[in-house]
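Worksheet: the structure to be examined is printed underneath.
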Amino acid sequence: MVKAVVGEESQLQLAEDRLSRSSEPAQVGLVIGKLNSALDRGFVFDLVPTQNDAGQPACSVLEPAKDNKKKGSKSKSQTSDSSSNLVIDKDWVAEHARQVSRMMVGGIKVVGIYVWASEAAFKNSTMVLCQGVAEAASTLEDDLDVRLLIHICYSPRRWTCRNCTLSSNITSSSLRPCDFKMGRVLTSLQTFKCLYNFDLRLPIYQEKTSKSETLVDFLCNGISNYVKELQGAKAVIDGNLVVNDEACTTEGLHEVELLLPFMKDMYIEACSQKDVVGVVNFTGSLCSFSFLNSKEPISQAVADIKDDIIRSLRSRLDIICDEADEDPGPIDNGIKEAGNDLASEKPVSQLVLHSLRKNCNLSLPRRVFVPWLAGTYICDYLQPSETLEVLKDHCVELMSMEAPNDASKILEPEEEAIRVSTRSFWDVVIPYCSTSSSTQEKNIEITGKENSQKTSKSPSLYFVAAVIILLLSVLVGFVFVRKS
């Protein structure tokens, strides 16, 4: 439960001016910000309107059927104001939340929805709005059990904020009021950056069930298992080990380094497993940003970085799946499989891991960062064949903002794409075994040479000794003969 919410006054005032100038009777959109359960506080950074594929608002006002005989002397405005209801395209709100969530960096998330409507329409539609909040939250992967519902009333003009508890059964008690005020929250944010290198070697076990696991499913499971190890990593910020929950008081960009314990070599471990048929090598370098409020401890920035790393890896896999679903035909996302036509027949999301008999290489989308608000960034993902023009389109369609025309302001810290490669069991075992066997052969060869040298040296040594003894005997005999 969030007790108090502070909204960025500069951005919310711009949103209110935009709504007041529009002729729309109602509008719905996403609330971007942070929720901190430890502080029982929320921070709202911006409001992003949701539109359908035709560019129309995903919210409308439904007027009741008019019956002049029953209404009597009631005016049209009174009837409309007291009986109108809001109709929300919940599917579009959920899809918008899913795609915008990919563009968020560490600590910044979709924390709820807002609605621009009259007081009566809002009161008549609280259940529908709660369902809209729940639909938007269903696409987001986090542990929060509450979201925000912000109502901007235009008659009279005022802002109200409510907690919406997520549950399978939406009731009137799902909404709870909370304090809301405007202030400056963006200018006090601290920036943290982490360039994280990883090398995951995941063994492919022999299929024992009728269910075939695709490459993307396999990677998703591998990432999920990696979460525990990453959560246990120690963090070094600006050269100092993070050991407590102290606040960050210094300005500027803070460099974060994650320290993980040494991990076992899956290649060697795979050699000892009888049911292993191959290994997937998931490797690369990714960049993560996190933005910390001045009231939050420095450990929160580390937690946000770790969460952002996992979400970034999953987002790249989701993008590949989305493109495969949009185009059911063969696609090329950097897949190369020598001597096998399987890659040209199926999209990536349908590649069955156990059916791959050749090495398969896959490049995941790379992450780029776009300046957003007051020194913060949002991100997007580009395929190897895509340019920055795709990035500009996404900013307009999803975030209702213009991407910078100057490409130098767009950060591209990931120089190389994250790579995924599959190797069969024999490709893993033979090099390892051949290395061991070659070492043994060298040892045998060296030992053999030493033994042969010893063997060859022994007869010659005995011969020299015999000659010396013979010469000494002759010399001694000659001396005795002269004396006599």
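Because only heavy atoms are used, hydrogens play no part in the values below, and waters and symmetry mates are left out as well, while side chains stay in.
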Fill in the blank from the handout: Minimal heavy-atom distance between Asn293 and Val185, with the atoms involved, is ND2-O, 4.3 Å
Problem - Close side-chain approach of Leu411 to Lys193, heavy-atom, < 4.5 Å - result: no
Practice task
Would you kindly say whether Glu135 and Gln131 are connected by a side-chain donor-acceptor distance under 3.5 Å?
Solution key: no
Practice task
In sequence, state the C-alpha distance, the side-chain angles, and the governing distance for Gln383 and Ile320, and then conclude on side-chain contact (heavy atoms from CB on, under 4.5 Å).
Solution key: CA-CA 9 Å; Gln383 296 283 12; Ile320 292 177; 4.3 Å; yes
Problem - Modelled atom types, side-chain donor and acceptor of Asp406 and Ser408, under 3.5 Å - result: yes
Practice task
Count the heavy atoms of every other residue, nucleotide or ligand shown that sit under 6.0 Å from NZ of Lys90, and state whether that count exceeds 12.
Solution key: no
Exercise for the section: Output every pair passing side chain to side chain donor-acceptor pair (under 3.5 Å) with a member in residues 388-397, not counting sequence neighbours, ordered by first then second residue. Expected result: Asp380-His394
Problem - Donor-acceptor pair between Glu386 and Tyr381 side chains, under 3.5 angstrom - result: no
Handout entry: Parallel, tilted or perpendicular, as decided by the 30° and 60° cut-offs, for the rings of Tyr154 and Trp116
Key = tilted
Problem - Pairwise side-chain contact, Ile298 with His254, heavy-atom cut-off 4.5 Å (strictly under) - result: no
Handout entry: Pair Arg311-Ser315, side-chain donor/acceptor within less than 3.5 Å
Key = no
Exercise for the section: Go through the side-chain N and O atoms of Thr160 and Arg158 and say whether any donor and acceptor fall under 3.5 Å apart. Expected result: no
Practice task
If the plane angle is over 60° it's perpendicular, under 30° parallel, otherwise tilted; pick one for Trp159 and Phe180.
Solution key: parallel
Handout entry: Close side-chain approach of Leu148 to Asn163, heavy-atom, < 4.5 Å
Key = yes
